[in-house]
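Owing to the predicted nature of the structure, the values given are computational and were not obtained by experimental measurement. Heavy-atom basis, side chains included; hydrogens, waters and symmetry copies ignored.
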Amino acid sequence: MAIKELIILVVCSLSVCTGNEFFTSTDKISHLFEEEKFLLDAFSLYIDAEEENVKRMKSILLLLQLGTYTGPVDPEEIKDPAAAFKLLMRLRSEWLNIEKYTLRSLSEYNVYQTLLEYAQIPQVEDLEGAALGLITLQELYKLYPHNITKETSLNADEAYIIGFFAYIEDKFQHAFLWFLYSLNRLTEYSTVTEEELLRYLSDSAYHFGSLPVAIYFRQRLLNLDPTNNEVKVQLDLYRLLRYQRKSSPDIFTLNTESSNSYEALCRGEIDERTSQRQRALSCRYSTGGGNPRLMYAPVKEEVEWDEPRIIRYHDIISDREIDILKNISRPLLSRSQTRGGVLKIRTSQSVFLEEDYPVVAGVNQRIADITGLSMESAEDLHVQNYGIGGKYEPHYDEMNTENGRIATFLIYMSDVEIGGATVFPEAGVALKPKKGSAVFWYNLQKNGNVDLNTEHAGCPVLRGNKWVANKWIHEYGQEFRRPCSLSYWK
């Protein structure tokens, strides 16, 4: 109320202001007593307005502290994708609300508003990426909204946002299921309305091809407002189309069949023939071909697959070294790129670490000792952390370039509870992340051609926090360590 009165007072003051010189008339000077009273009244209203705004902000702060804030969280504990999405939604909503009230401050220099300009507030792009990350998990692991939200339930508005982003990406079945989840959780405090949800439910079902369901929800929408002619016309159109179509897909039930070997491997569907072949593989202690540094401390070597030959080395990096690498990397991480730039096929953040750090130099030397390969043309150690539904779809590390990536050494810096496996679709092999271990394979055959069986992928992380470190080793410097073959075939 004080703010409104102050605005009226200021407007009135501006309307009577003539801009005359006071010193040229004593009569004008005498009117300054009235002006002084006006200024004091305005100043009093200004103080009341500031107090009123501060009182509002304090009540909002108290509600946020009591209702949502739970204190600092260890980043390693952000394992549930639904909880991560909920946090992004909440932070964005809270900060925008705080910004709205701090903008009302009448002070000449609003320090907090300046701070907000530099605060790291989740953007719409973050919500979209997180929502599509959840959809990716659903698509690959064949999950319904209630599977995703088993540990962390979402409210109607949060579910609506996921459905909305799925809808604009033409993923109509998942959009429908999220809108239905949202509809069942509508309350008087929800921002999204029943009308909006019914409209999206009907449209999603229509685009999916499930006309009876589209008609049902369009009828419910018409029941809310029987005078809506647009809805009536659409309903008549849907009924007409229904008689022309022979079948209607079931929008409520997900297809649980894997569409390719990448999906099947990520879901743990291992072919029995692959399992039998793996049982014939062996493990041993290795000295890296007689490396002096490994003679008294050989590494544990396990053959994960024979062709392409994939080796896992156990316990090759300590928890302390892992913690140091994570702490170095965290402030430097940025969105991972592919050869085509930033693409949706790769959702992670990463950084290349130079040997200025002793721990990095130590890890690089250990890789050289284990593999017997030269590091002179190798790339810097590449540390990655995956996000919500974090993945890297099937790809090759090498694409026939000069001084190409002859080999990959992939270190697992964390365990992953569900998902996150490294899979080789052509070979039919899935490798589960195991903290402290690493896997190694050659991307190039001895004749220099790309080994097509080394196509691999990082499966979406369903639950957990996935950290890895890559060392890409290049051809130059390996002439006498891995001699070329004259064979055209390998």
Side-chain angles (χ1 to χ4, degrees), residues 3 52-75 77-105 110-138 145-146 148-169 174-175 177-201 335 347 349 387-389:
I3 296 174
E52 187 178 315
N53 199 42
V54 168
K55 192 183 297 182
R56 279 204 204 112
M57 288 192 288
K58 282 184 175 179
S59 65
I60 289 171
L61 174 63
L62 186 62
L63 283 172
L64 293 176
Q65 287 175 331
L66 294 177
T68 56
Y69 182 67
T70 56
V73 177
D74 183 347
E77 295 303 313
I78 303 295
K79 298 178 179 180
D80 180 5
F85 176 80
K86 195 178 184 74
L87 177 62
L88 286 173
M89 280 282 293
R90 176 166 63 80
L91 282 178
R92 178 164 176 78
S93 174
E94 283 179 6
W95 281 106
L96 289 178
N97 201 22
I98 290 170
E99 185 178 37
K100 178 178 72 175
Y101 279 98
T102 54
L103 276 170
R104 294 179 182 176
S105 175
N110 187 338
V111 179
Y112 195 78
Q113 194 61 42
T114 304
L115 176 65
L116 279 175
E117 291 177 10
Y118 296 95
Q120 296 183 7
I121 303 172
Q123 302 300 309
V124 173
E125 293 79 8
D126 292 301
L127 299 184
E128 180 180 8
L132 294 181
L134 292 175
I135 299 299
T136 295
L137 292 174
Q138 288 183 270
H146 67 267
I148 289 280
T149 59
K150 190 179 296 183
E151 295 185 30
T152 305
S153 62
L154 302 181
N155 63 35
D157 293 328
E158 292 160 346
Y160 165 76
I161 291 294
I162 299 173
F164 173 78
F165 285 121
Y167 184 86
I168 62 177
E169 288 288 322
H174 289 292
L177 294 173
W178 278 108
F179 290 137
L180 190 61
Y181 181 98
S182 177
L183 183 67
N184 293 331
R185 282 155 184 77
L186 267 183
T187 68
E188 58 182 309
Y189 304 106
S190 301
T191 303
V192 65
T193 64
E194 182 181 3
E195 181 182 356
E196 286 179 283
L197 288 172
L198 291 175
R199 187 179 299 276
Y200 271 117
L201 281 163
R335 178 68 185 268
T347 48
Q349 292 200 3
I388 298 175

Query - With sequence neighbours excluded, residues passing side chain to side chain donor-acceptor pair (under 3.5 Å) with T347 - result: none
Query raised in the report: Which pair of heavy atoms, one from A84 and one from I388, lies closest together, and at what distance?
Result: CB-CD1, 3.6 Å
Query raised in the report: For T152, which residues count as a side chain to side chain donor-acceptor pair (under 3.5 Å) partner, sequence neighbours excluded?
Result: D80
**Report entry** Minimal non-hydrogen separation, D157 against M89, with atom names
**Finding:** O-CE, 4.2 Å
Requested in this report: Supply the atom-to-atom distance Y181 OH to L197 CG, rounded to the nearest 0.5 angstrom.
Outcome: 13.5 Å
**Report entry** Closest non-hydrogen atom pair, L88 against D126
**Finding:** CD1-O, 4.1 Å
Query raised in the report: How many angstroms lie between CG in L177 and NE2 in H146, if you round to the nearest 0.5 Å?
Result: 10.0 Å
Report task. Test I148 against I162 for side-chain contact (heavy atoms from CB on, under 4.5 Å), laying out the working first. Result -> CA-CA 12 Å; I148 289 280; I162 299 173; over 6 Å; no
**Report entry** Distance-minimising heavy-atom pair for H174 and I135
**Finding:** CB-CD1, 4.0 Å
Query raised in the report: With a 4.5 Å heavy-atom cut-off, do R56 and E52 have their side chains touching?
Result: yes
Query raised in the report: Going by distance alone, is a donor N or O of one side chain under 3.5 Å from an acceptor N or O of the other, for W178 and Q138?
Result: yes
Query raised in the report: Which heavy atom in L134 sits nearest to a heavy atom in P81, and how many Å separate them?
Result: CD2-CB, 3.5 Å
Query - Interatomic spacing from CD in E158 to OG1 in T149 - rounded to 0.5 Å - result: 10.5 Å
Requested in this report: May I ask you to test the N155-S190 pair for a side-chain heavy-atom distance under 4.5 Å?
Outcome: no
Query raised in the report: Under 4.5 Å between any side-chain heavy atoms of E194 and R199, yes or no?
Result: no
Report task. Considering non-hydrogen atoms only, spot the tightest contact between T191 and E196 and give its length. Result -> O-OE1, 4.3 Å
Requested in this report: Measure the spacing between OH of Y160 and OG1 of T193 and express it to the nearest 0.5 Å.
Outcome: 8.0 Å
Query raised in the report: Atom OH of Y167 and atom CG of L201: how far apart are they, to the nearest 0.5 Å?
Result: 11.0 Å
Report task. Quick one: sort the Y200 and F179 rings into parallel, tilted or perpendicular, breaks at 30° and 60°. Result -> parallel
Query raised in the report: Atom CD in E169, atom CZ in F164: separation rounded to 0.5 Å?
Result: 10.5 Å
